[in-house]
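For reference, the structure is listed below as structure tokens.
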Amino acid sequence: MGNCRARPNAQKGQSVPLAHAAVDLLDFLELVGRFPCLYFNQCVLREAIRRYEKVWLPLLSRIRNPEERRKLVPPLDVEWVWHVHLLSPRNYREDIANVLNIDPLTSKMIDHTLFGPAQREAGRSAARARWPTSEIFDMENHLAKQPVVDDSCCSARGSSPSKIKYDISSAAARQMTFNYQVQLPHYRDKRYLSIAVEAYLGRFLELKRRRPSGFWVPTYFIDLIWHTHQLHHVQYARDTTKLCGNMLPHDDSVNDRSAGSQLASSWEATQQAWKEEFGDTNILGLVGGQWRGNPSREEFIVAAQAPSIRAAVEDSIADLVRRERFVVSDPVLAPNDWAEEWKAVKWLHARSAQEGRSRRPAISRECTIGLPGHPPAYRARVTHTTRHFHVQPKSESQWHQHIGSFIEILPVEGWQPLATAHFVGQEQLPTPGVLSQSREVPTLEAGETAMLLRVAGADTAIIVGKWVGFKMPQPGIVGTPGVDGVPGDKESQRKGKPGVKGKPGSRAKPPEAGHCDLALYALKGSGTSTACRIKSGSSSADQPPKFQVSLEEVLDISNAGTATICLSEGWVEVSSKESLLFSFLLGMSLAAMNVMLQPLVKPLEAVCWSGGNLGGTSGASSQANDPAESVHSLLPPWAVQQHAFKMLVAAGGMAPTATVRGRPVQVSALGEGNASTDEVIHRSSSETASQGLALEQASELAVVGGVAYLAGSLTGDAIFNGQSMDQCKDPGGCCGCGGC
């Protein structure tokens with residue numbers, strides 16, 4: 001049935017309002033996420049399973065009216081393990097039949113329904129009235145006091161062996177990964193959910209019907225709808241049996257993403273089958289609906305330690321925070337290694353460095369922040385890998401390589417990241433066109449890049465930025481003088497010739513540096529976001545800006561106030577001690593965005609890094625002693641020179657001794673005779689290519705100081721600061737991240 005259309009009107013007459021119910025599911029998952037013990041604490045989970053099996057299921061079975069039974073909502077811990085159990089529909093049916101001693105095919109099967117806030121609270125009230133007084137119903141306060149992890153032996157009190165065969169405890173930990181994937185605000189958008197429902201009903205289930213033996217892998221926006229459907233168990237069994245001949249199973253235990261794994265190979269097979277059956281993979285790979293990394297159990301444990309570490313720092317600066325500015329230190333090259341404790345944790349933000357997926361080893365720079373005359377408060381470590389795209393690649397197939405750079409704010413003497421930031425792409429963020437409301441939701445368009453900011457392991461904000469207003473210098477055009485006419489002569493009967501009007505010239509246009517246009521989105525509870533204004537300004541084009549941001553909508557503290565961040569002078573001003581950690585993270589993230597997005601030019605000849613980087617060294621070019629070769633920066637001379645500003649250097653900018661070696665190109669070689677060395681020379685791509693000068697995306701050249709440059713920043717195979725990997729002749733260098 002190759003290249004067949006998807007089922008038309010797949011959403012028509014759907015048994016469950018899936019888009020609406022998906023929002024109810026997201027609300028529940030957000031609530032569960034406040035209590036990480038429900039993912040990992042074996043004592044909490046074993047007790048919850050006991051209450052589910054021994055109290056809740058028998059309570060429901062005694063209610064004969066299915067509609068009355070369906071409206072009840074149990075305590076949160078029981079509700080969570082019930083939720084996890086339902087996501088293995090075949091095991092759920094078999095286990096319920098064993099626990100209640102019923103025929104799994106009868107109408108007595110225990111059903112479940114997702115409710116909105118008002119209905120859910122009504123269901124809790126009704127269930128509370130039926131709940132035995134010997135058991136706690138309102139568990140939230142108890143759960144908040146439990147450790148994230150407790151693997152000690154804790155037998156369920158007075159219980160007989162469980163009849164539930166499915167391993168709910170292990171599944172609860174796996175569901176934590178899914179819960180994180182779908183907590184960004186665009187998953188609640190009506191249009192986005194409508195597309196997801198259509199993809200699930202009209203294509204994903206249809207693929208299951210047409211090719212029932214395949215192990216097909218959905219992206220997360222489809223998986224969200226699949227989970228929603230399964231949580232209405234009776235209707236799910238009816239719908240999938242009608243379509244596929246039997247109740248569709250769901251296996252969430254396949255999580256190995258390494259090359260050649262079942263998940264990786266099945267994803268490739270899914271894309272191929274989808275294209276063969278439906279003609280394209282646009283809906284399957286819809287932007288914003290794919291994997292964004294796995295939080296680990298160990299990361300949750302470290303995050304639980306962060307408040308006490310922060311409290312010690314905040315107490316030390318409590319009396320000084322309003323008196324002076326916090327100053328950023330000069331950056332230093334960090335050792336290309338991490339503490340053993342750090343390496344023992346699988347970090348969400350650092351997976352590019354930990355998984356060894358970069359072409360070259362990661363490099364890091366460190367700086368501290370503190371009040372003058374006092375010990376530093378925090379330390380920042382900014383790490384770059386060499387496969388980061390600093391703008392959106394044109395090819396969607398390249399998005400899997402967007403693994404990028406990351407920032408960590410740490411204790412001065414400790415290894416635990418208290419706050420982090422890392423780059424994200426359109427695997428994680430959608431374009432505005434797939435949303436019904438995009439004003440308050442972070443999105444990503446061509447030419448933009450984004451960073452996700454996290455505090456104590458929780459998503460806190462997203463910065464989206466692009467560079468605007470950059471212009472290469474435009475040459476003036478010399479006017480053409482007019483030609484006098486020739487008068488006629490009556491006597492000789494000679495006709496006159498009209499003159500030719502002159503053509504006016506045009507003035508040369510100076511270059512413009514442009515600026516980084518940034519937007520900040522605060523990620524709030526219940527999966528919502530708020531666009532926050534960033535005020536910025538700079539005294540001149542060669543100075544990085546100063547930013548002012550209101551933190552009242554970003555941080556959940558009463559005295560968040562305003563943060564002022566000055567990239568040119570390297571300081572941060574805050575209103576309260578509690579806001580310093582996030583403000584430092586925000587400042588380093590804004591610096592990194594400016595570094596990554598600033599347009600670059602490059603000499604026409606192959607370039608490589610020369611000179612040291614904050615004490616590091618790199619090998620010399622093979623032509624370093626050639627007298628025809630001189631040293632030039634990739635940054636245009638009319639723009640901000642990153643090496644002059646310590647926050648930009650700390651964030652990955654060009655270091656003071658990091659330079660780019662390129663062969664000067666004589667103007668005469670480009671066919672312009674004795675033209676000025678500062679003249680801009682225009683060439684079409686075909687003309688330039690014929691001279692052996694490879695143009696990647698720009699169509700003009702600029703000659704500045706006797707060196708010809710290509711206009712614009714690099715994309716495609718570009719890495720930080722725009723240097724192309726295949727242009728680096730020096731195998732000992734780090735290829736464009738500021739020198740090694």
Side-chain angles (χ1 to χ4, degrees), residues 317 320-331 365 367-372 376-378 380 382 407 409 419 421 448-451 453 460-470 512-522 531-555 560-577 579-599 635-636 638-654 656:
I317 62 174
L320 304 168
V321 70
R322 293 180 179 271
R323 298 182 190 177
E324 300 181 72
R325 294 166 173 167
F326 287 84
V327 178
V328 177
S329 69
D330 290 329
R365 293 179 185 158
C367 63
T368 61
I369 192 170
L371 293 165
Y378 294 111
V382 183
I407 299 169
I409 308 299
E448 293 182 336
T449 193
M451 294 191 80
L453 280 60
T460 304
I462 289 176
I463 305 173
V464 178
K466 62 181 177 181
W467 200 275
V468 297
F470 176 82
E512 294 183 20
H515 67 279
C516 193
D517 187 26
L518 297 163
L520 177 68
Y521 298 87
C532 306
R533 184 182 179 189
I534 299 180
K535 296 180 182 179
S536 64
S538 179
S539 58
S540 62
D542 60 356
Q543 296 279 319
K546 178 167 68 175
F547 299 97
Q548 192 173 63
V549 183
S550 173
L551 301 181
E552 298 292 344
E553 295 180 325
V554 183
L555 302 179
T562 299
T564 303
I565 298 156
C566 185
L567 298 186
S568 61
E569 298 179 21
W571 53 260
V572 176
E573 234 174 30
V574 295
S575 301
S576 67
K577 62 179 183 179
S579 60
L580 177 60
L581 175 66
F582 179 79
S583 298
F584 189 26
L585 175 69
L586 178 61
M588 296 306 300
S589 300
L590 293 172
M593 294 288 278
N594 274 266
V595 166
M596 294 297 178
L597 288 170
Q598 184 176 354
L635 294 165
W638 59 87
V640 171
Q641 300 303 302
Q642 296 170 6
H643 69 266
F645 305 99
K646 57 187 177 182
M647 285 189 74
L648 298 185
V649 174
M654 294 181 182

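Start at 1 with the first residue, then count along the sequence. Everything quoted here is computed from the prediction, not taken from an experiment.
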Rounded to the nearest 0.5 Å, how far apart are [atom1] of [X] and [atom2] of [Y]?
X	Y	atom1	atom2	result
Met596	Thr449	CE	OG1	8.5 Å
Glu573	Ile565	CD	CD1	11.0 Å
Leu590	Leu518	CG	CG	6.0 Å
Asp517	Met593	CG	CE	10.0 Å

With side chains defined as the heavy atoms from C-beta onward, is the minimum distance between [X] and [Y] less than 4.5 Å?
X	Y	result
Phe645	Leu567	no
Val327	Lys646	yes
Val572	Leu586	no
Gln641	Asp542	no
Thr368	Tyr378	no
Lys546	Trp571	yes
Ser579	Leu555	yes
Cys367	Met588	yes

I need the minimum non-hydrogen distance between [X] and [Y], along with the two atoms involved.
X	Y	answer
Ile409	Ala380	CD1-CB, 3.7 Å
Ala591	Met647	CB-O, 3.6 Å
Ala563	Leu551	CB-CD1, 3.8 Å
Val640	Pro544	CG2-N, 3.8 Å
Val574	Ser583	CG1-OG, 3.4 Å
Val554	Ala461	CG1-CB, 4.4 Å

State which residue, out of Ile407, Asn594, Leu520, fulfils the side-chain contact (heavy atoms from CB on, under 4.5 Å) condition with Ser589.
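Of the listed options, the one satisfying the test is Ile407.
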Main-chain N/O of Gly561 paired to Glu552 side chain as donor or acceptor, under 3.5 Å
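Yes, because the side chain of Glu552 sits within donor-acceptor range (under 3.5 Å) of the backbone of Gly561.
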Arg325 side-chain N/O to Thr564 backbone N/O, donor-acceptor pair under 3.5 Å
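Flag not set: sc Arg325 to bb Thr564 has no pair under 3.5 Å.
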Using the salt bridge (charged side-chain N to carboxylate O under 4.0 Å, His left out) criterion, which residues pair with Glu553? Sequence neighbours excluded.
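Checked Glu553 against salt bridge (charged side-chain N to carboxylate O under 4.0 Å, His left out); zero matches.
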Does Lys466 have any salt bridge (charged side-chain N to carboxylate O under 4.0 Å, His left out) partners at least two apart in sequence or in another chain, and if so, which?
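Lys466 satisfies salt bridge (charged side-chain N to carboxylate O under 4.0 Å, His left out) with no residue once adjacent residues are dropped.
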